[in-house]
Each structure stands twice: as C-alpha cells, then as structure tokens.
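In what follows, every chain begins at residue 1, and chains take the letters A, B, ... in the order their sequences are listed. What's counted below: heavy atoms across the whole structure, side chains too, no hydrogens, waters or symmetry copies.
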Amino acid sequence: MINITLKDGSIRQAKEGSSILEIAKSINQSLGKEAVAGVVDGDVQGLSYRVSQDCHLDILKFDDEQGKDTFHHTGSHILAQGVKRLFPQAKLAIGPAIDNGFYYDFDLEHRFSEEDFPAIEKEMRKIVEANLAIEKFELPRGEAIAFMEAQGEPYKVELINDLPEDAVISFYKQGEFTDLCAGPHLSSTGPEKAIKIMSVAGAYWRGSEKNKMLQRLYATSFPKQKQLDEYIEKLEEAKKRDHRKIGKEMDLFAIFDEGPGFPFFMPKGMIIRNELENFWRQEHRARGYEEIKTPLILSESLWHTSGHWDHYQNNMYFTKIDDGDYAIKPMNCPGSMLAYKRKMYSYRDFPIRIGELGQVHRHELSGALHGLMRVRTFTQDDAHIFMLPEQIKDEIIGVIDFIDFVYNLFGFKYHIELSTKPEDAMGTDEEWELTTGALKEAMDSKGLPYVINEGDGAFYGPKLDFHLEDSLGRTWQCGTIQLDSQMPQRFDLTYIGSDGEKHRPIMIHRVIFGSIERFIGILIEHFAGKFPLWIAPVQVKLLTVTEKFADYAQELGKKLTEAGLRVEVDVRNEKIGYKIREARNERVSYICVIGEKEVNSGQLQVRSSKEGELGAMDVDGFIAKLTEEIKTKQV
RNA sequence: GCUGCUGUAACUCAGGCGGUAGAGUACUACCUUGGUAAGGUAGAAGUCACGGGUUCGAAUCCCGUCAGUAGCUCCA
C-alpha cells in the first residue's frame with residue numbers, strides 16, 4: 001500500500017501501482033478537495049489535482065520540481081508518439097524533461113521546420129483527448145533489446161546496452177506507442193491539456209560532436225491553457241530584457257560585421273564600465289591587492305612554458321613581429337608569472353595579491369558568440385594570489401566572501417559549481433587531490449552549497465565557478481576561483497622561506513566579475529536597463545516645458561553636474577509629454593520637468609524610473625538624496 | 001564548428017512564388033510655445049548583406065560566402 005497525503009493533511013491509502021483514476025476512486029470521499037496526485041508507478045508527489053464528482057482527475061498545477069518533471073516527461077512521450085504517427089520512419093533518441101518543458105531528439109531525413117509544428121501539435125492533442133492509459137512494464141535485458149530492435153529503434157538499443165548490469169529496464173506504453181523510460185509518468189495522457197512546440201534545433205547524439213547530429217524538438221506543457229499563456233507571456237517579457245536589445249536601445253555598446261565577437265563600448269556603456277572598474281579598484285585596494293598591467297602580445301615561447309600551447313592553441317590568435325612568433329594573450333596568468341619572477345620574494349611578503357584588468361582574446365566558435373555574454377575579446381578582472389600552504393584556506397574564503405559581497409550588492413542570485421580534473425589535465429593525481437580538497441574544505445567551512453562538475457576544471461587546476469542567470473534563466477559563469485599547482489612549477493616560481501631556502505609558492509587565479517563585458521550583460525538583463533543610480537549612464541534629465549526656461553534649466557544642469565551628477569538637459573522645441581516619453585524610454589533614473597512653477601518656486605518636480613512621481617523637492621534636497629543613493633550604491 | 005531559421009533606410013518591420021522598393025520611428029526644415037508617455041506639414045534617406053548562376057529581366061528562384069539567431073559542442 002502507498003500513502004497519499006491530501007492537502008488537508010489527512011492520509012489515504014491506495015494499492016501500489018494504482019492508476020490515478022483508481023486512487024481518485026479510493027479517495028472519493030474527499031470530493032472537491034485538493035489532493036496530491038499519484039503517478040503510475042506509485043511515486044506519489046508533486047502535482048496538485050482536484051477530484052471531480054464523476055471521479056475525474058483534474059490536475060491543477062505543479063507543486064514542485066518532481067511533479068513538473070513527471071508532467072513534462074509524459075509530455076515528451078506524447079511528442080514522440082505524435083511525431084511517430086506523422087513520421088513513422090523517425091528514429092527515437094532521448095526525450096527528458098528540462099527546466100521549462102521537455103524535448104525529444106529524433107533522427108529523421110525530413111527536416112523539421114516551424115511549419116511542421118501545427119500538424120504535430122494537432123496529433124498530440126488527439127493523444128491527449130483520447131486520454132490513453134499509460135502502463136509500465138519491465139523486461140529483462142535480452143528481451144528489452146529484442147523488443148527495441150523489433151521496433152527499429154537503434155538508439156534505444158544502444159541506450160539499453162549501456163545501462164548498468166543490475167539496472168531495471170522499464171517501458172511505458174500509451175496506446176500504440178511504447179518507450180524505454182525510467183519514469184515516473186502520469187497514469188494517462190489526458191491531463192496534458194496545454195501543449196506547445198517551442199522550437200527545433202540540432203543536437204549531437206549523446207552530446208558529442210563526433211556523433212551524428214539529430215533534430216531536437218523543444219516543447220512545453222501545462223495542465224491549463226491559462227498557465228501556458230502566462231508562460232509564453234513571461235517569455236515575451238524576458239525577451240524585452242535581452243541585453244542585446246536594451247544595449248542597442250540605450251546605445252551602450254555595438255557589435256559590427258567587421259568584428260564578430262568584438263564589441264564596441266559607446267559613451268553610455270563606457271560610463272557603466274568605468275564605474276564598475278572604479279569600484280573594482282577601490283574594493284581591491286581595500287583588500288590588499290596591488291594592480292598591474294601586462295601586454296596583450298607576448299612571445300610564443302611564453303605559451304609553450306605555460307602549457308597553453310599544448311592545451312589552448314586552438315583558441316589563440318598568433319602574429320609575427322619581424323621573424324619572431326608571438327601570441328595574443330588568451331589569459332593573463334603567464335604575464336603575471338613573469339611579473340612575479342622579476343624579483344625575489346620572502347615568505348614574509350605573503351600573501352601577495354596581484355590584480356589586473358586584463359584584456360584577453362580567444363578564438364571562440366562562431367556559433368557560440370552571444371552579445372556581450374560570449375565574445376572574442378573581453379576584460380577579465382583577474383588577480384593572482386601567491387601564498388604559503390597554510391594561507392590557502394583563508395585566501396579562498398576571502399575571495400568567496402569578496403564575490404558574495406559584490407553579487408549581493410547588485411541583488412544577484414548565484415550558484416556555485418566545483419569543477420574537477422579534466423581529461424587533458426597537467427599535473428599528478430596527488431596535486432589535483434590536494435588542490436580540489438582545498439577548495440572543498442573552504443566551501444564546507446563556509447557551509448555553502450555547491451554542485452560538482454566532474455572533469456570541467458581548467459587544465460592547470462580545479463575551480464569554483466560562480467554562475468549568474470540571464471533574463472531567460474540561462475546561466476553564465478562569472479566569478480571563478482582556480483587553484484593552480486602547475487604555473488608556479490612551469491615558471492619555476494620561488495620564494496625564500498624562514499629556513500633561507502627556496503620554496504614553491506601556491507597560487508590561485510580568481511576573477512570577481514569574470515568578464516566585465518559579460519557582467520555588464522547580466523547587469524543589463526537583471527535591471528532591464530534601470531540601473532542602480534551609481535552606474536546609471538544618465539542619472540538626471542531636465543526637461544523644459546518651453547524654450548523660455550532653457551537658460552534656467554542649463555544653469556540648474558550645471559549646478560547638478562558640479563555636484564557630481566551625470567545630467568542631460570533637454571531644451572528642444574518639443575512638447576513636454578514627448579520629452580518625458582523619450583526620457584523614460586532612455587531609462588533615465590530621475591526626470592525633472594522645468595517650467596514656470598519650478599522657476600518661481602526654485603523647486604523640482606521629480607520622477608523616478610523606479611518609484612514614479614516623487615513630487616516637489618528643493619534642489620539641495622534632491623542633490624543630497626541622489627548623492628546618498630550613489631554613495632550607498634542602492635539598487 | 002554543426003543543425004535549423006533569418007539578413008530590405010540609422011532603428012523596428014511590410015513586400016516578394018521574376019518586371020529594379022514601402023510603412024512607422026529617428027533625422028532635416030518650417031509651422032506650433034505646448035505642464036507629465038507620441039502636435040502638424042514637407043523633405044532627404046536603401047547596389048534589398050556580399051559574390052556567382054538561371055533569365056530578355058533577380059530584392060524575389062538556385063549555389064556559395066559573410067553576419068545574426070535558437071540550440072548542440074566548447075567556455076569567462
């Protein structure tokens with residue numbers, strides 16, 4: 001028997017393997033109450049439903065991730081079934097639930113296009129309306145393989161072959177369609193009331209570019225049409241925050257055909273950038289960092305020494321000077337190594353924290369470029385910390401706290417990933433265990449949650465990655481802390497210990513913003529262009545009602561500018577409504593209308609982009625308010 | 001790099017299944033001097049991404065290149 005907890009807290013029992021309908025009957029007494037829905041194989045959770053008078057089950061919403069996944073996973077089977085009905089020759093690959101829906105990969109000669117979507121959706125709706133019962137069954141390995149071979153599904157056969165020895169091989173059947181699947185699923189197709197195919201894209205079989213590229217249909221489903229409509233609405237809203245769109249509208253940056261992946265920063269974008277850099281310098285000075293600047297081009301031999309030649313060559317640009325071979329730096333570390341080596345250090349100097357706003361160039365694949373988020377040249381807010389073994393933990397914690405401080409300042413939510421030894425790693429297993437352990441230890445002592453990203457570390461060491469979300473929920477790695485045991489060896493870095501002998505320092509690489517370009521992209525999407533005042537390109541805009549007040553407005557503008565504010569004055573011969581509309585579209589932080597009233601009273605009518613009308617304010621009070629807002633870096 | 005889609009004025013986009021282009025915004029001039037999200041009139045502005053092919057004729061059809069874009073792969 002399985003227990004079913006109803007929303008009112010009471011518990012009912014149902015036979016294991018019961019269908020939702022059977023469960024509904026068994027709790028018939030609770031008619032009309034919201035319950036927690038069962039799924040076909042007894043995993044009972046995650047979906048709110050209502051039992052109707054005729055024992056019909058009406059799923060209301062997802063309660064948690066598991067319920068959502070179960071629902072979406074069933075959606076993916078309906079998608080596959082629909083496609084198989086229209087394209088019987090399609091070979092099935094995989095079809096999991098994802099964050100906001102599900103996808104299914106197909107191997108098919110016919111190229112899907114958006115024109116195919118309505119027909120497939122129509123077929124899917126037929127499957128939903130038929131409310132096919134979903135039944136689970138298990139087969140021993142041999143039979144499972146024979147079954148999928150008989151169905152002409154080579155990808156499924158491959159999947160079964162790769163399942164672990166002791167794996168239970170389960171199938172789910174709905175009508176004429178059966179799929180290999182671990183489940184769980186709904187007990188019938190009926191609740192998938194609102195289904196929509198979102199897009200089609202290529203995807204490599206098993207995620208390897210060495211394999212065949214399949215066609216992936218992305219789709220989503222909800223219990224109610226209204227929920228689907230709301231989801232689509234939300235997506236539309238999110239697209240309006242796209243940093244590429246806002247960046248153009250606000251004239252922050254531009255990327256031209258002449259330089260794919262090489263962004264230009266326009267005057268207003270430069271203000272944001274400079275404010276961030278000023279802040280960065282101030283905070284680094286306060287934390288005992290020194291700043292250097294290393295060259296963009298250095299001899300190719302340096303990159304042999306660092307190991308980048310062997311591990312990163314495909315991402316580097318090269319050039320010649322006279323007869324010598326040079327490379328444009330893809331990372332700042334080798335330059336920093338030379339800077340360290342220029343003199344002798346004592347253990348008493350440690351830790352040494354050397355920062356650099358270093359511009360790097362990387363040859364990224366053309367298909368990977370994405371606005372400011374993924375570019376071919378960007379500035380890393382880099383720093384290298386050299387230290388003694390006993391300083392490792394405190395230094396790592398110091399950087400974690402630093403990153404947390406900066407991200408919190410902007411109200412960012414982030415998650416941390418620990419990336420471990422990759423296949424092409426340099427160094428011994430012992431070194432990797434030591435460095436990986438140090439990162440883990442620091443995280444554990446902070447009590448911070450993190451996910452482990454096996455094999456995703458840099459070639460010279462493991463790393464902690466700090467990921468931020470864009471408007472569509474895609475995550476981007478920004479901050480990172482990398483413990484490196486390789487560079488100090490390769491460059492033969494030393495310090496003199498208390499014993500008078502040479503020793504090898506420990507080093508970490510770290511960035512806070514990650515890339516200033518990417519960080520600005522995230523900022524734009526996070527704030528939808530309505531930046532915190534301290535980084536806002538235009539903090540105040542004065543709008544004259546008529547040209548009569550132009551002189552007064554200019555004087556006032558001068559006064560505000562002298563108070564340290566970034567001010568624009570709009571004295572154009574346009575109606576005030578027009579100017580306000582334009583200033584709002586420019587996302588100016590504070591808009592002040594200057595007319596007869598203001599000239600006579602000496603006051604300002606203030607309108608905030610975030611709080612709306614603030615009413616009348618005297619000029620000094622306004623300056624004081626904004627100055628305070630800037631000083632405290634209010635969001 | 002791979003798969004799909006896209007590329008028309010500074011911007012946002014119509015139009016195209018063959019007969020060399022249109023709207024709104026922005027821009028310029030004039031009129032209007034107006035109090036909280038678009039005042040009016042006129043004007044200028046495009047080798048329809050680039051190269052090739054088919055054709056009497058290509059923005060339109062075909063091929064290629066470049067760029068953008070959604071994903072995949074890869075990464076800050």
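- Summarising the geometry, atom CG belonging to L252(A) is positioned 8.5 Å from atom CD1 belonging to I246(A); distances are rounded to the nearest 0.5 Å.
- Among the protein residues, G577(A) comes within range of the sugar-phosphate backbone only, with heavy atoms under 4.0 Å from sugar or phosphate atoms but none that close to a base.
- A donor-acceptor contact under 3.5 Å links the side chain of R374(A) to the base of C74(B).
- E547(A) comes within 4.0 angstrom of a base, heavy atoms only.
- Side-chain atoms of D257(A) and base atoms of G68(B) include no donor and acceptor less than 3.5 Å apart.
- Within the 4.0 angstrom heavy-atom criterion, no nucleotide atom of any strand lies near E517(A).
- Put simply, H467(A) has no side-chain N or O that comes within less than 4.0 Å of OP1 or OP2 on A76(B).
- Residue contacts for V511(A): at a heavy-atom cut-off of 4.0 Å it reaches no nucleic acid atom on any strand shown.
- For F264(A) and F256(A), the gap between ring centers is short of 6.0 Å.
- If you check every strand for non-hydrogen atoms under 4.0 Å, M198(A) touches nothing.
- Aromatic ring centres of F112(A) and F87(A) lie closer together than 6.0 Å.
- Nearest heavy atoms, R510(A) versus D382(A): O-OD1, 3.4 Å.
- In this pair, Y218(A) does not lay its aromatic ring on the base of G71(B); centres under 5.5 Å and planes under 30 degrees do not both hold.
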